Student: 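Let me begin by handing over the structure; questions about it come next.
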There are 2 protein chains.
Amino acid sequence: MRLLLIEDEKELAAALAVALAKHGIVTDHTTHLADAFELTLQNDYDAILLDRRLPDGEGLTFVPKLRRSGRDTPIIVLTARNEPLERVEGLDIGADDYLGKPFLVEELMARVRAVLRRPTNLAETEIVAGRMVINPLHLNVAIDSTQFDLPRRELLVLIALAKRKNKTVRRSTLEEAVYNYEEEIQSNALDAHISRLRKRLADAGSGVAIHNIRGVGYLLKDE
Amino acid sequence: MRLLLIEDEKELAAALAVALAKHGIVTDHTTHLADAFELTLQNDYDAILLDRRLPDGEGLTFVPKLRRSGRDTPIIVLTARNEPLERVEGLDIGADDYLGKPFLVEELMARVRAVLRRPTNLAETEIVAGRMVINPLHLNVAIDSTQFDLPRRELLVLIALAKRKNKTVRRSTLEEAVYNYEEEIQSNALDAHISRLRKRLADAGSGVAIHNIRGVGYLLKDE
DNA sequence: CCACGAAGGTTGCAGCAGCATTACGGAAAC
DNA sequence: GTTTCCGTAATGCTGCTGCAACCTTCGTGG
């Protein structure tokens, strides 16, 4: 596990690094925002600890910058200012948590763990395909982290395909995924759903395509 | 928020359920350990309140059973025996807290909150959505830092949606968040709540909107 | 290499499932 | 006693969905 610590008080930073090391966490440290961004490009951090008051500006400005660059690394904001309104400010802008100084290292650790647990757990249930993130458990689909709505039947088809991404899914498997045994299906309804789903995926620039394997079934692939 | 109460004294159980309901907590109740385990399989509880002395055995035996099944739902043990030694017994075995009868409901609530705060998400204590700040633990909602009061059921719906802000929440999930299994729901009560909640959110200029995902559920988004 | 049949693709349409809204009355809270 | 909450049911509406008709692509055998 590797954290980036952006903090200009060197004593605090050093103490934190030691404390985190005891929890088996590797910490990179910088005092300036400019360097911080560089570092995020070169390394893949599990989380970022961010001070607000920094020599080269307000720490919060870093959050949208990182987000715009396409990364969703969890960010925990550290600060002396702990007013409710400022909390909101931080969270609103896309930070994941907020911790007012002074704090106990144990409390920080708890928050780091909490913030890390989130994506890991999600990773177990979420499928990435093209620019899409598909969550079969919650039945939702996002493209570039904005919600992508689909009609229920098309959604079920997509999920069934995504679960076996890059592998052929038999036609009969799809039918079972979309219809229960009570609902008999007398026409090419499934084909129609595939067709409509393809159109929507293309229009939305999803980055995936549904291929047909003649006589067998379908297959979802990155474009 | 949803609790499982395992307690054989029915009057106490009923009184507790009412008291917890006032705090916006949905309570499922059972008197036997055997049923309790079943219920934990079928539902996802935020915490479990467990009596020690039960008709079909020592309540504590339930703790390792649940843990072995892979769940870490917080358990608070309730009991008349409040000897320090017995506390240790309970905690040792994997319970999270211990409360000797008689107790004040307020004390119980404080412990429930504490136990919920611990495991996962400190970050979840406050959710920002539009101009609202929602605190699921304390069940309050503020718009521009002034208190925004909602009827209980609507509040529960809002919180369930807010916890998964920008993501679809299944209709069934919402129903579970608002009703316990005894309260059967024979009509479109949930729809009615959604409708009324929408109106209130709009009138108050909350800055959020509830969208419907046909066939799946609902979704809370910034406007 | 062409023709032909089968599998798959596309699209308009009608019916209906699912949702939104609102009024009403009983119940609970104040 | 008044007000608010809540479940129910009636009403209206939207757009999903199954169907069918028609078109395109694929693969095989002559």
Side-chain angles (χ1 to χ4, degrees), chain A residues 139 141 148-161 168-203 209-220, chain B residues 14-15 17-24 26 139 141 147-158 160-161 168-175 177-204 209-221:
Chain A
L139 297 179
V141 179
F148 179 47
D149 295 337
L150 286 172
R152 193 170 57 98
R153 301 242 119 125
E154 290 171 40
L155 181 61
L156 293 176
V157 170
L158 177 61
I159 288 174
L161 289 170
T168 315
V169 182
R170 292 212 206 189
R171 204 188 171 76
S172 60
T173 310
L174 284 179
E175 280 168 9
E176 285 167 22
V178 178
Y179 299 93
N180 69 32
Y181 58 90
E182 288 164 358
E183 299 167 309
E184 56 187 270
I185 174 174
Q186 315 207 350
S187 72
N188 65 345
L190 183 62
D191 302 59
H193 288 308
I194 297 261
S195 173
R196 291 189 272 246
L197 177 56
R198 273 178 171 146
K199 180 152 176 29
R200 270 190 241 264
L201 290 176
D203 290 352
I210 297 175
H211 299 270
N212 167 257
I213 310 298
R214 183 166 264 250
V216 185
Y218 294 87
L219 175 152
L220 185 75
Chain B
V18 169
L20 290 169
K22 290 196 179 148
H23 288 84
V26 177
L139 294 177
V141 179
Q147 178 77 10
F148 179 47
D149 292 332
L150 284 172
R152 193 172 61 92
R153 301 240 121 126
E154 289 172 39
L155 180 61
L156 294 177
V157 170
L158 177 61
L161 288 170
T168 318
V169 183
R170 288 206 221 188
R171 205 188 170 76
S172 60
T173 309
L174 287 178
E175 281 167 7
V178 179
Y179 300 94
N180 70 31
Y181 64 87
E182 285 166 358
E183 299 168 306
E184 57 188 271
I185 172 174
Q186 314 205 350
S187 72
N188 63 346
L190 184 62
D191 303 57
H193 288 308
I194 296 260
S195 176
R196 291 189 275 245
L197 176 56
R198 272 180 173 145
K199 180 150 177 29
R200 269 189 241 266
L201 291 175
D203 290 352
I210 298 175
H211 298 268
N212 167 258
I213 311 299
R214 181 170 266 247
V216 184
Y218 293 87
L219 174 153
L220 184 75
K221 260 176 69 176

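Nothing here was measured: the structure is a model prediction, and the numbers come from that model. We name chains A, B, ... by the order of the sequence lines, and we start the count at 1 in each one.
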Student: If I take atom CZ in residue A:R171 and atom P in nucleotide C:dG9, what distance separates them, rounded to the nearest angstrom?
Tutor: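 It is 8 Å, rounded to the nearest whole Å.
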Student: If you pin A:V216 and B:V216 to their nearest nucleotides in DNA chain C, which one's is more 5'?
Tutor: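 With A:V216 and B:V216 compared, the 5'-side residue is A:V216.
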Student: Quick check on C:dG8: is either OP1 or OP2 less than 4.0 Å from any side-chain nitrogen or oxygen of A:Y218?
Tutor: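 For C:dG8, neither OP1 nor OP2 has a side-chain N or O of A:Y218 closer than 4.0 Å.
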Student: Send over the distance from B:E175 CD to C:dC19 P, rounded to a whole Å.
Tutor: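 Roughly 10 Å, once rounded to whole Å.
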Student: Identify, between B:A189 and A:N188, the residue whose nearest nucleotide on DNA chain D lies closer to the 5' end.
Tutor: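 On the 5' side of the pair lies B:A189.
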Student: Could you check how far CG of A:L155 sits from P of D:dC16, rounded to whole Å?
Tutor: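 After rounding, the reported distance stands at 12 Å.
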Student: Measuring from the side chain of B:R196 (C-beta onward, heavy atoms only), which nucleotide among D:dT8, D:dC19, C:dG9 has the closest atom?
Tutor: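 For the B:R196 side chain, the nearest candidate turns out to be D:dT8.
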Student: So which nucleotide from C:dT11, C:dC19, D:dT8 ends up closest to the side chain of B:S187?
Tutor: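 Output: D:dT8.
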Student: Is any side-chain N or O of A:H193 closer than 4.0 Å to OP1 or OP2 of D:dC16?
Tutor: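 No, because none of the side-chain N or O atoms of A:H193 sits under 4.0 Å from OP1 or OP2 of D:dC16.
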Student: Can you tell me how far the CG atom of B:N212 sits from the CZ atom of B:R198, to the nearest 0.5 Å?
Tutor: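 Result: 6.5 Å between the selected atoms.
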Student: Just how far, in rounded Å, is C1' of D:dC5 from CG of B:L197?
Tutor: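 Atom-to-atom, B:L197 to D:dC5, this comes out as 14 Å.
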Student: Any side-chain N or O of A:Y179 less than 4.0 Å from the OP1 or OP2 oxygen of D:dT17?
Tutor: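 The answer is no; no side-chain N or O of A:Y179 sits under 4.0 Å from OP1 or OP2.
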Student: Just how far, in rounded Å, is C1' of C:dT10 from CD1 of A:I210?
Tutor: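 So the CD1-C1' distance, A:I210 to C:dT10, works out to 14 Å.
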Student: Hey, does B:L174 have a side-chain heavy atom less than 4.5 Å from the side chain of B:L161?
Tutor: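 With C-beta onward as the side chain, the pair touches.
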Student: Could you state the atom-to-atom distance from CG of B:D191 to C1' of D:dC6 in whole Å?
Tutor: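 Result: 14 Å.
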Student: Using side-chain heavy atoms (C-beta onward) and a distance below 4.5 Å, is B:D191 in contact with B:R171?
Tutor: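 B:D191 reaches B:R171 side chain to side chain.
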Student: Does any non-hydrogen side-chain atom of B:P151 lie less than 4.5 Å from one of B:R153?
Tutor: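 In short, these two side chains do not touch, never coming nearer than 4.5 Å.
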Student: Please confirm whether the shortest side-chain N or O distance from A:S195 to OP1 or OP2 of C:dT10 is below 4.0 Å.
Tutor: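 A:S195 to C:dT10 OP1/OP2: side-chain N or O found under 4.0 Å.
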Student: Report yes if a side-chain nitrogen or oxygen of A:R198 is closer than 4.0 Å to either non-bridging phosphate oxygen (OP1 or OP2) of C:dT11; otherwise report no.
Tutor: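 The answer is no; no side-chain N or O of A:R198 sits under 4.0 Å from OP1 or OP2.
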Student: Send over the distance from B:L174 CG to C:dC19 P, rounded to a whole Å.
Tutor: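 Going from CG in B:L174 over to P in C:dC19 covers 11 Å.
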Student: Is the shortest distance from a Lys or Arg side-chain nitrogen in B:D149 or B:R200 to a carboxylate oxygen in the other one below 4.0 Å?
Tutor: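 Between B:R200 and B:D149 there is no salt bridge, as every charged N stays at least 4.0 Å from the carboxylate O atoms.
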Student: With distance as the sole criterion, do the side chain of B:R214 and the base of D:dT14 form a donor-acceptor contact below 3.5 Å?
Tutor: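 Such a pair exists between side chain and base.
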Student: Both B:R153 and A:R153 contact DNA chain D. Taking the nearest nucleotide for each, which residue is further toward the 5' end?
Tutor: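 With B:R153 and A:R153 compared, the 5'-side residue is B:R153.
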